[in-house]
Amino acid sequence: MSTTRRARSVLGIRPFRRLWAVTYLCSVADWLAMLGLTGLVTKYTDDYLLQNFAFVGVVLTQLLPGLLFAPLGGLLADRFDRRKVMICADLARFALLFSIPIVGSPIWLFVANFMAGSAAMMWIPSKDAAVPNLLRRPDQVETANQLGLFMTYGLAVVSGAGLYSVLTGVQTTLGISPDAFGEFGVANAVVFINALLYLASALLIATRIPELSLRNVHPVPASTAAQDTASSGDDADVGFIAMVRQSFSYIRRTKLVRGLLIGMMGAFAAGGAVIGAAKPYSLSLGGGEASFGLLFVAVFVGAAAGLAVVPKLARRLPHDRLFGVGIVLAGLALIVVALSPHLAVSLVAAAAVGGCAGAGFLTGVTIIGSQIDDSMRGRINAIYQSLLKIIIFGSTATVPVLIGLVQPHKITVWGNELIIDGTRPVLLGGGLLAALVGVVAYRQMDSRRTEPILADLRNVMRRRPRRVNGLLIALEGTTETDTGRQAARLADALRTGERDVVLATDPALDDERLRGIVSGASLSSARAQALAAAAVRADIVERDIRPALDSGAVVVMERFVDSPLAHLSAVAGLDASELEGLADWATARLRPDLAVLLDTDPGAGTAEGGADGTSAGPQHWRVQQLLTEMASADPQHYVVVDADGSPDDVADRIHTAVQCALAGKVPGLSARRRKSGHANGSASQDSPRARTDGAAGTDGAAEAQATDETGADERATQGTAS
């Protein structure tokens, strides 16, 4: 799906669309307040020094609350109704800003601005924590964050600056006398309008977005949360001190969060180094004042590009890996900036820094929104925002001191004279720090330690879909009864291993939803029924199978693609190539890592066909032939098992064949020792039809892989798809 279609899909959700509009109002008000209060404070005094300090003072009084009160905002977001917290914060900002022109004191202006900034620190964590609960699916969090960043740092900036220009220029444009509005008339009007925007936000939240009070709409997987601390966060009787302890305990226990915060600390420190060293570094390149503007533009163009491409990269690289890789690449690009001998090289490297940093930032907030338990989300958001302000503020203030420790001197590179001063070692140190903490964060967060990162990076370069964490095993056959029964047995056998196991049912031929679609829409033609089956399959793949695979589970699926395809082709007479294209589209080209074909006696299949409604007579032979051709065409992913005999014997053969096929390739699967060798022999010797690929053809290999794990803990929980 394109970026535009994803954005339209998310904006089609009414509660989120309304919150997005409220965010627009508040963001415009934030930027307008910075400009309006700066203009107003210069009217209050004629002192030249105070007038020069006006902008810095307004910025600092808005930044300081983030250093002090952001964690408190997170506690409020997790303890109380987030909608009520946002309403109270907006009303407080309205009252404080409305009072500034009435009081008319520069001291009160800074005090009220500080208090309004504190109220904003209560509003932001509640808003960020509530966003995932407004969406239909967890995978929409990334697009929602993209829209939020675009609104806050793009559209709102332009709107706020434009509104300020219109309001302050109305007198000159319309030729109105300066005395018409009084001494501070226009400046006061800007602040009054600013306050009314916050009031409008409070009214909209109170009357139009009751969904902000929802909690835990999309529970995160238990593997990503410290369950003991997360569950207790919902208890209304827990005090603030206990909630603070829970926060630190959650961070300590949860590698994902710990790695996220470690990575962002290094990234923010490197960002502060860039901000503090940008001006002297640009002058050292010999490009004059214009070089600073070019570098500034390059960083933000790169950041915009990074924000835009993250969803496409996330299809090929998991978010936890994408975050660490983005931080490491940003650090390496910053090292290139530090060593750059020419402005052209610096511009390309600066754009790369912006792109990687933007991708890392968006990935970080997406992880918080989609993989952090709802009871902890507000606090983690608040800590994230607090670290952003504290580290950037501290590093920006420290960098000029470090730069002053190195005496500048000139060198000539490629005929160009360069000034080597303290900016180079500072940027070099920032790049090394970012790369180092990126590696640490990657090792903390990586959920795919068994999968090499180079394979994922190759998929990114080749624009291929990323390999999933888990393993998909499909049981194919001509009868629904056999495949369903044996899929359940195989799932039970694999649950003695280290991985979670999910059992999925056939979404195409034996599903109540499909029958409801077909009967409700009066679909009688084979092509229409094939389309309905593809719709059901697409839904179950997106909703159940892919999330399970991404979490590292083993999914056992009966009759995934090949059996329905062979059945529709043989029974309904549809073109096999067209059906295969439809299946590819419905499943996004998802194919099993291993397919097990149950090879039954055609005579027995014919007799059973009348019982379960599958093909009988010549149609059974045709389905069997098509499945055999599919297995022969793809021996690397298929094993064929003799399905004649008792269910217990067939189950043993299937389990042995799976162990043989995946021996040495997939860690974490069960390998129970068999009581006798008949299972091994029956999988490869009892029938000439029974065969496996190279990985599964040696019975001794399976026996060598077998270890006694009967005492292993059962970690898996059965999830029945559909």
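No experiment lies behind these values; they were computed from the predicted model shown.
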Show your reasoning for whether side chain to side chain contact (heavy atoms under 4.5 Å, CB included) applies to Leu72 and Met122.
-> CA-CA 7 Å; Leu72 178 60; Met122 310 299 118; 4.2 Å; yes
Could you go through the side chain to side chain contact (heavy atoms under 4.5 Å, CB included) check for Ser375 and Tyr250 one step at a time?
-> CA-CA 11 Å; Ser375 63; Tyr250 185 85; over 6 Å; no
Take Met264 and Phe361 through the side chain to side chain contact (heavy atoms under 4.5 Å, CB included) test and state the conclusion after the steps.
-> CA-CA 8 Å; Met264 291 316 299; Phe361 183 82; 4.2 Å; yes
Test side chain to side chain contact (heavy atoms under 4.5 Å, CB included) on Ile473 and Val658 and set out the steps.
-> CA-CA 9 Å; Ile473 302 175; Val658 169; 4.0 Å; yes
Go through the steps for Arg253 and Ser249 under the test side-chain hydrogen bond (donor to acceptor under 3.5 Å, both in side chains), then give the verdict.
-> CA-CA 6 Å; Arg253 294 170 182 266; Ser249 176; 3.0 Å; yes
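In terms of heavy atoms, Gly117 sits closest to Pro65 at C-CB, 3.5 Å. Nearest heavy-atom pair, Val437 versus Ile262, reported as atom, atom and distance to 0.1 Å: CB-O, 3.9 Å. Heavy atoms only, all atoms of each residue included: Ala441 and Phe323 are closest at CB-CE2, 4.2 Å. Nearest heavy-atom pair across Val337 and Ala349 is CG2-CB, 3.4 Å. Nearest heavy-atom pair, Gly306 versus Val310, reported as atom, atom and distance to 0.1 Å: O-CG2, 3.1 Å. Contact record, Cys356 with Gly326: CB-O, 3.4 Å, taken as the closest heavy-atom pair.
The only member of Val365, Leu307, Asp128 that meets side-chain contact (heavy atoms from CB on, under 4.5 Å) when paired with Asn145 is Val365. Among the candidates Leu261, Ile251, Asp320, the single residue satisfying the side-chain contact (heavy atoms from CB on, under 4.5 Å) test with Leu256 is Asp320. The only option from Ile367, Thr363, Thr366 that meets the side-chain contact (heavy atoms from CB on, under 4.5 Å) definition with Leu322 turns out to be Thr363.
When atom types are taken as modelled, the side chain of Arg424 and the backbone of Ser340 share a donor-acceptor pair closer than 3.5 angstrom. No side-chain donor-acceptor contact under 3.5 Å links Arg591 to the backbone of Thr587. Judged purely by atom type and a 3.5 angstrom limit, Arg379 has no side-chain atom pairing as donor or acceptor with the backbone of Gly74. No side-chain donor-acceptor contact under 3.5 Å links Arg6 to the backbone of Thr143. Counting only distance, with no hydrogens or angles, the side chain of Trp20 and the backbone of Leu147 share a donor-acceptor pair below 3.5 Å.
Within the 4.5 Å cutoff, the side chain of Ile368 has heavy atoms near those of the Leu260 side chain. Counting heavy atoms from C-beta on, the side chains of Val336 and Leu332 never come closer than 4.5 Å. Side-chain contact check for Gln659 versus Leu494: some heavy-atom pair is nearer than 4.5 Å. Within the 4.5 Å cutoff, the side chain of Tyr442 has no heavy atoms near those of the Ile327 side chain. Between Ser346 and Leu295 the shortest side-chain heavy-atom distance falls below 4.5 Å. Side-chain contact between Asn216 and Asn133: absent, with no pair of heavy atoms (C-beta onward) separated by less than 4.5 Å. When side chains are defined from C-beta on, Gln140 counts as touching Ser9, because their heavy atoms get closer than 4.5 Å. At a threshold of 4.5 Å between non-hydrogen side-chain atoms, the residues Ile545 and Leu590 count as touching.
Here the CG-CG distance, from Leu594 to Leu472, works out to 9.5 Å after rounding to the nearest 0.5 Å. With rounding to the nearest 0.5 Å, the separation of CG in Asn381 from CE in Met376 is 11.5 Å. A distance of 8.5 Å separates CG of Leu428 from CG of Leu334, quoted to the nearest 0.5 Å. Distance check: Met445 CE to Lys255 NZ gives 12.5 Å after rounding to the nearest 0.5 Å. Here CD of Gln146 is found 13.5 Å from CE of Met151. Values are rounded to the nearest 0.5 Å. Considering OG1 of Thr23 and CG of Leu155, their distance stands at 12.0 Å, rounded to 0.5 Å.
If you check the side chains of Arg8 and Thr4, you find no donor sitting under 3.5 Å from an acceptor. Of the N and O atoms on the side chains of Tyr153 and Ser27, not one donor lies less than 3.5 Å from an acceptor on the other residue. A donor-acceptor contact closer than 3.5 angstrom links the side chains of His319 and Glu142.
With salt bridges taken as basic N to acidic carboxylate O contacts below 4.0 Å, one links Asp374 and Arg82.
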